[in-house]
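Here the structure comes first, spelled out in structure tokens, and everything after it is commentary.
Remember, predicted model here, so these are calculated numbers, not experimental data. So that the names make sense, note that chain A is the first sequence line, chain B the second, and so on, each numbered from 1. Only this structure's heavy atoms are used, side chains among them; waters, hydrogens and symmetry mates stay out.
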Amino acid sequence: MLDINLIRKDPEKVKNALLKKIDNVDFAELLEWDKQKRDLTHKVESLKARRNEVSSLIPRLKKEGKDVTEQLSEMKKVSDTIKDLDSELERTSDKITEFLNGMPNIPADDVVAGGKENNRVISEWGNKPQPSFTPKDHMTLAVSLGLIDYDRGVKMGGNGFWLYKGKGAILEWALLNYFVASHLEDNYEFILPPHILINQCGYTAGQFPKFADDVFRIEADDKKESTHFLLPTSETALINFHRDEILKEEELPKKYFAYTPCYRKEAGSYRASERGMIRGHQFNKIEMFQFTTPENSDKALDELIFKAEKLIKGLGLHYRVSKLAAQDCSASMAKTFDIELWIPSMNEYKEASSCSNAHDFQSRRGNIRFKRTDTGKNELVHSLNASGLATSRLFPAILETYQQSDGSIIVPEVLRPYTKFDKIV
RNA sequence: GGAGAGAUGGCUGAGCGGUCGAAAGCGGCGGUCUUGAAAACCGUUGUAGAGCAAUCUACCGGGGGUUCGAAUCCCUCUCUCUCCGCCA
């Protein structure tokens, strides 16, 4: 959520920053409500002060045996007025909240305006594989080697699902183990969160209310509104780890990582080119997460990108890093870098990790603060997340990159301690 | 799933419908004492909003109600704990 104080102080500045991300912004109405809210607050609070004053006077007068009917009838009126003003105040506050809930995060100063076309590749690593034979695509390889079973996956989960089997499952699990070992090495704390979350979690993360349709809702009993949903990424869980908490400055940064499958509707996003395992309703991902002080969040983002790159380098896969333009960052994020893997058969780079700094956007929604040691004041933390990593893009990249002329796959060295085999035939 | 108990400040735990933002203890912070520390003693100690400020307002799980006035009474929801049943 945006900071209303920022808008109050310099609406033009906030507006110009937001215009990098959305087509138009008009704060006129909001500022009007905001003013109205403060007027009402002032009015209702002085009435309450009056009520408190007389309410403590009444028992004293009674004790002295004096008549209090006059006070009682005045207070009756005052109380009625308070009730009216309070509900008006609530309506105004709701309008403000609703408005702010609809606003995306303010892009960081160094994030450029516009959509995908303005994304900028800032680095590349490795080379595209140049096989001396005609390479196969990952679907063909996965099926012929018995690693992925698409037909049976669909039999169980319906369209958009697959299953891993045999050495495919082992390879998938090896990837996850490789990531876990790396994060533990770097002293990130391992979290295995619930996969079914309450709606508040989606709100804190910034997915609700605007993007509530992108996730699988858990149907409620009788006709009540659904209260739970399947997490679309463990970020949604992790941001809520410290919800409504006040951390100590010296315990920041807090560094976590979690493994969960990610469940997404991906409604209407089916594309023939993304068959295979590029896009499904469920995929495995390990997510890194940090809570930091505002002054340290940029540094933390660098660290997360470095860690994600380290994992891919270890696998020897060709990738590039892009800095996203404002519109390509998700609503909650101020700045995002994507790490994209080269998928030979698609002749394209596909996102394997998205590394973002949300600034205080999520922590304001989740009321996640820390106490400054020197001033004793509470401030909102900054939150950051980065995939480390999603396997659904890695698996295809590995198959296609490490395929041999005889159709076998060489297992990247870093995974062999976990697979216990070095070749898939 | 059945039965019961409960939800109060960082923690433990009192609380009569009328100065209760809330006793007490612990913890934290500051001080006295001490070569230093401990102990002891004294003081202090929540969050948020409005206002230039003095100050005011709200918050005792959430929401609603009764009342001039609610932590305290009523309704409702959520959560936690105990016991029984079931179960990986």
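Between A/N5 and A/S46, the residue anchored nearer the 5' end of RNA chain B, judged by the nucleotide with its closest heavy atom, is A/N5. Nearest-nucleotide positions on RNA chain B for A/S56 and A/T41 put A/S56 closer to the 5' end.
Distance A/H42 NE2 to B/rU57 C1': 11 Å, rounded to the nearest Å. The distance between atom CG of A/L47 and atom P of B/rA58, rounded to the nearest whole Å, is 12 Å. Rounded to an integer number of Å, the gap from A/R50 CZ to B/rC56 P is 15 Å. When rounded to the nearest whole Å, the span between NZ of A/K377 and P of B/rG46 equals 11 Å. One atom, CD1 of A/I246, and another, C1' of B/rG28, lie 14 Å apart when rounded to the nearest Å. In this structure, A/H228 places its NE2 atom 12 Å from C1' of B/rC79, rounding to the nearest Å. One atom, CD1 of A/I4, and another, C1' of B/rA48, lie 16 Å apart when rounded to the nearest Å. In this entry the distance linking CG of A/D244 with P of B/rG61 reads 15 Å, nearest Å.
Using a 4.5 Å heavy-atom cutoff, the side chains of A/N159 and A/H281 are not in contact.
Taking side-chain N and O atoms only, A/K83 has a distance below 4.0 Å to OP1 or OP2 of B/rU66. The phosphate of B/rG49 has neither OP1 nor OP2 within less than 4.0 Å of any side-chain N or O from A/R38. Residue A/N378 places none of its side-chain N or O atoms closer than 4.0 Å to OP1 or OP2 of B/rG46. Side-chain N/O atoms of A/K48 include none lying less than 4.0 angstrom from OP1 or OP2 on B/rU57. Applying the 4.0 Å criterion to OP1 and OP2 of B/rA50, one finds that A/R8 has a side-chain N or O inside that range.
Under the Watson-Crick and G-U wobble criteria, each requiring two contacts below 3.5 Å, nucleotide B/rG1 is paired to B/rC84. Both distances falling under 3.5 Å, in either a Watson-Crick or a G-U wobble arrangement, occur for no nucleotide opposite B/rA70. Base-pair partner of B/rG30: B/rC42 (Watson-Crick or G-U wobble, both distances under 3.5 Å). With a 3.5 Å ceiling on both atom-pair distances, B/rA22 lacks any Watson-Crick or G-U wobble partner. With a cut-off of 3.5 Å on both Watson-Crick or G-U wobble distances, the partner of B/rA14 is given as none. Across all strands shown, B/rC60 forms no Watson-Crick or G-U wobble pair with both key distances under 3.5 Å. Across the strands present, B/rC52 finds no partner; the criterion is a Watson-Crick or G-U wobble pair with both atom distances under 3.5 angstrom. Using the Watson-Crick or G-U wobble rule with both distances under 3.5 Å, B/rA37 pairs with nothing in any strand shown.
Between A/D186 and A/K310 there is a salt bridge, with a side-chain nitrogen of the basic residue lying less than 4.0 Å from a carboxylate oxygen of the acidic one.
Using a 4.0 Å heavy-atom distance criterion, A/K371 is classed as a sugar-phosphate-only contact. A/S79 comes within 4.0 angstrom of sugar-phosphate atoms only, judged by non-hydrogen atoms across all strands, and of no base. Within the 4.0 angstrom heavy-atom criterion, no nucleotide atom of any strand lies near A/K248. Across all strands, A/R369 comes closer than 4.0 Å only to sugar-phosphate atoms, never to a base (heavy-atom distances).
For B/rC20 and B/rA70, the P atoms lie 15 Å apart once the distance is rounded to whole Å. Separating the C1' atom of B/rC16 from that of B/rU12 is a span of 23 Å, rounded to the nearest Å. For the C1' atom pair drawn from B/rA71 and B/rG61, the interatomic distance equals 12 Å after rounding to whole Å. Of the C1' atoms belonging to B/rU67 and B/rU55, the separation is 28 Å, rounded to the nearest Å. Comparing the C1' positions of B/rC26 and B/rC75 gives a spacing of 37 Å, expressed to the nearest Å. Taking the P atom of each, B/rC73 and B/rG6 are spaced 12 Å apart, rounded to whole Å. Comparing the same atom, C1', in B/rA88 and in B/rU8 gives a spacing of 38 Å after rounding to whole Å. Taking the P atoms as reference points, B/rA23 lies 15 Å from B/rG43, given to the whole Å.
By the salt bridge (charged side-chain N to carboxylate O under 4.0 Å, His left out) test, A/D149 pairs with A/R152, A/K165, sequence neighbours left out.
Closest to the A/N52 side chain, of the nucleotides B/rC68, B/rC56, B/rA58, is B/rA58.
Under the side chain to side chain contact (heavy atoms under 4.5 Å, CB included) rule, A/V44 has a single partner from A/T81, A/D86, A/D84, which is A/D86.
Figure legend: cation-pi geometry between A/K307 and A/Y188, with NZ or CZ positioned under 6.0 Å from the six-membered ring centre and within 45° of its axis. Judged by the 6.0 Å distance and 45° axis criteria, A/R365 is positioned over the aromatic ring of A/Y203.
Judged by distance alone, the side chains of A/N199 and A/T227 never bring a donor and an acceptor atom under 3.5 Å apart.
Taken from OH in A/Y259 to SG in A/C262, the straight-line distance is 8.5 Å, to the nearest 0.5 Å.
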